[in-house]
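Take a look at the structure set out below.
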There are 2 protein chains.
Amino acid sequence: MNILEKISLDMAEFSKSEKKVAEVILANPQVAIHSSIAALAKMSNVSEPTVNRFCRRLDTKGYPDFKLHLAQSLANGTPYVNRHVDEFDGPSEYTNKIFESTMAALEVARQSVDIAMVNRVVDLLTQAKKISFFGLGASASVCHDAVNKFFRFNVPVVHFDDILMQRMSCMNSREGEVVIFISHTGRTKSLVDVANIARENDATVIGITTEGSPLSKACNYVLSLSVPEDTDLYMPMASRIAQLTLIDVLATGFTLRRGNKFRENLKRVKDTLRNSRFNRQENN
Amino acid sequence: MNILEKISLDMAEFSKSEKKVAEVILANPQVAIHSSIAALAKMSNVSEPTVNRFCRRLDTKGYPDFKLHLAQSLANGTPYVNRHVDEFDGPSEYTNKIFESTMAALEVARQSVDIAMVNRVVDLLTQAKKISFFGLGASASVCHDAVNKFFRFNVPVVHFDDILMQRMSCMNSREGEVVIFISHTGRTKSLVDVANIARENDATVIGITTEGSPLSKACNYVLSLSVPEDTDLYMPMASRIAQLTLIDVLATGFTLRRGNKFRENLKRVKDTLRNSRFNRQENN
DNA sequence: AAATATTTGTAATTTTACTACATTTGTAGT
DNA sequence: ACTACAAATGTAGTAAAATTACAAATATTT
């Protein structure tokens, strides 16, 4: 396992001084691998043995061995870890932390995606007579985006923010229609209600939500995403990005299934938009 | 560059003893990274300084530095790159490619962000009497999301999909109000028109768009994002994710600027949502 | 074959990491 | 509030590792 992730994961188990070391390393791992134990100890304001103990706590043989692991983590292409923003961060720190946390979350999400389920859902979507996307709050904008994508496919696709419209829409659903519900927690009551209505009316109900949630139980198929949500700032951030990316995956799967001729069609849709735009100087 | 490749490439330039060292390393690099210079010298039947010289010939600082490079080569990580989906990809391939391309795009975006401008925009937002978000098509859902975030801050924030409503809203804007326009290309005519109206009415106009685009010229401030857009499938994907992440950055900067007491407030907003949810079994 | 250049090794030096032990800090019980 | 114990951190000494300077050996050139 990536040792950088492990450090941020084990953060709770570290002692006060060990945390100092961890923070210095996470803040700038590139510097850490090129420092001696003495230099790192000084940077962290701790003694050398503390650094050594820190390394051993991470199941390495000692400091040199730790550096080796660290170097491998950095080479791995993912120096991205869920780094929490704190109140003393300047613009440079919080900007980088948020981008990196988002990338880290995407990596975790990628590994948690059930590929077989993606394939099945793409199957269902290509055969659907109608596709609906429902979500509330932050997930509503994900639905909005999904509609924007699937609309280009010339498929009947709908979305309502309004909970009553959602209910009515599901009430009228029938076999062969697919309804996708998006919710990170999967515990929004009214959305679960709507999902149940859709299911009672024989629609194929798909959830993009957390495994085992109330919403997931109301669905025929669940595409679960595990994302380490950053709760520090009380806002959904990474979960939403992961959902959007998953929508991109579904849309891509959809176009691939439809074949080459279909992609010509997509190009036409895009060309249509061209007239609403200023031309570029460069040809493209 | 991968140092293992470099070793086999430079083989011709090595002296007799250095070749011995190179062969031992190539034969079993995993062992090499866990050996001391003395052990490796013994394995290669050469003296310690010879190993040291061998390392320097490969443009490393010395033996420990060489081991670091070697470890990174062995980590064999495929850094995230923009991998294009092709028509023969199965679900596993396209899923991973899309996640990886998205991560790669975020990395590029992160490096292209103008931190000073982020700081200035956060400044403007905290002082704004009203904040508006306008975008069309795929960018509309980004606006939707931005509103969802900033609304929690108890700031007057508005968003319209409707181009006429956007015009009217900007017509009535005044000094001290901030209008943010989101568009990847920055070449959507009607949006540029609206931006000009906003500017004529003394609003502070901010663009999240490509540098040098028509839209960027209509703005007082531009937050440019360079994203390698995947044009294969004729859909905006990565650009949108980058925009959303940038919105997250702005929202985070906003909350940090407002201080601790303000974050208590955010927690209250979140707690309010709790009543609309099914409770979790675990306490949280 | 002698002279020079290049490579390689030996031994001393310096740097680095580790261990044992002492001190401090924190915690629980009287 | 104090004592006793446990956990944590640091100090100083020791061991190990890497590097340097220099000497010996091996090629190379004339």
Side-chain angles (χ1 to χ4, degrees), chain A residues 3 6-74, chain B residues 3 6-74:
Chain A
I3 201 150
K6 196 184 163 103
I7 292 173
S8 53
L9 215 82
D10 291 6
M11 192 61 94
E13 302 192 4
F14 294 145
S15 69
K16 216 187 303 172
S17 305
E18 284 169 344
K19 275 197 187 104
K20 287 193 218 167
V21 179
E23 268 154 27
V24 168
I25 291 168
L26 289 177
N28 211 333
Q30 291 290 351
V31 169
I33 56 169
H34 291 110
S35 306
S36 69
I37 194 168
L40 187 60
K42 206 168 185 181
M43 281 190 270
S44 316
N45 282 311
V46 299
S47 68
E48 299 183 24
T50 300
V51 176
N52 187 275
R53 283 187 280 258
F54 168 82
C55 297
R56 297 229 165 111
R57 194 172 291 269
L58 288 154
D59 300 319
T60 62
K61 249 192 101 190
Y63 184 68
D65 187 41
F66 169 77
K67 283 213 289 192
L68 245 49
H69 282 266
L70 192 57
Q72 295 199 326
S73 296
L74 292 177
Chain B
I3 201 148
K6 196 181 162 108
I7 292 173
S8 47
L9 215 81
D10 291 6
M11 193 61 94
E13 303 192 0
F14 294 145
S15 71
K16 214 189 301 174
S17 306
E18 284 169 343
K19 275 196 186 107
K20 287 194 222 165
V21 179
E23 270 155 24
V24 169
I25 290 169
L26 289 176
N28 210 334
Q30 289 291 352
V31 169
I33 57 168
H34 291 112
S35 307
S36 69
I37 194 168
L40 187 59
K42 206 166 185 183
M43 282 189 269
S44 315
N45 283 312
V46 299
S47 69
E48 299 183 23
T50 301
V51 176
N52 186 276
R53 283 187 282 261
F54 168 81
C55 296
R56 297 228 165 113
R57 196 172 290 271
L58 289 153
D59 300 319
T60 63
K61 249 194 104 191
Y63 183 68
D65 188 43
F66 168 78
K67 281 212 291 191
L68 244 49
H69 282 268
L70 193 57
Q72 297 197 326
S73 298
L74 293 178

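Every heavy atom of this structure was used, including side-chain atoms; hydrogens, water molecules and symmetry mates were not. These figures come from a predicted structure and were not determined experimentally. In what follows, every chain begins at residue 1, and chains take the letters A, B, ... in the order their sequences are listed.
OP1 and OP2 of C:dT6 both lie 4.0 Å or more from every side-chain N or O belonging to B:Ser15. The phosphate of D:dT9 has OP1 or OP2 within less than 4.0 Å of a side-chain N or O from A:Ser17.
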Each nucleotide N or O in nucleotides 16-21 of chain D that has a protein N or O under 3.5 Å away: list the pair and distance.
unit_1: D:dA18; atom_1: OP2; unit_2: B:Ile37; atom_2: N; d: 2.3
unit_1: D:dT19; atom_1: OP1; unit_2: B:Tyr63; atom_2: N; d: 3.4
unit_1: D:dT19; atom_1: OP2; unit_2: B:Asn52; atom_2: ND2; d: 2.3
unit_1: D:dT19; atom_1: OP2; unit_2: B:Tyr63; atom_2: N; d: 3.1
unit_1: D:dT19; atom_1: O5'; unit_2: B:Asn52; atom_2: ND2; d: 3.1
unit_1: D:dT20; atom_1: OP2; unit_2: B:Arg56; atom_2: NH1; d: 2.7
unit_1: D:dT20; atom_1: OP2; unit_2: B:Arg56; atom_2: NH2; d: 2.6

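Rounded to an integer number of Å, the gap from B:Leu68 CG to C:dT16 P is 14 Å. One can place CG of A:Asn45 at 12 Å from P of D:dT11, the figure rounded to the nearest angstrom. What separates CZ of A:Phe54 from C1' of C:dC18 is a distance of 17 Å, to the nearest Å. When rounded to the nearest whole Å, the span between CD of B:Glu13 and P of C:dT6 equals 15 Å.
The two residues A:His34 and A:Gln30 have their closest heavy-atom pair at ND1-O, 3.1 Å. Taking each heavy atom of A:Ile33 and A:Ala71 in turn, the nearest pair found is CG2-N, 3.9 Å.
Between B:Asp59 and B:Lys6, some side-chain heavy-atom pair lies under the 4.5 Å cut-off. Using a 4.5 Å heavy-atom threshold, the side chains of B:Phe66 and B:Val51 count as separate.
Within 4.0 Å of B:Val51, counting heavy atoms only, lies no atom of the nucleic acid at all.
One finds a salt bridge joining A:Glu18 and A:Arg57 here, because a Lys/Arg side-chain nitrogen approaches an Asp/Glu carboxylate oxygen to under 4.0 Å.
The side-chain contact (heavy atoms from CB on, under 4.5 Å) with B:Phe54 is formed by just one residue from the set B:Ile25, B:Leu40, B:Val46; it is B:Ile25.
Distance from the side chain of A:Lys16 is smallest to C:dG26 among C:dG9, D:dG10, C:dG26.
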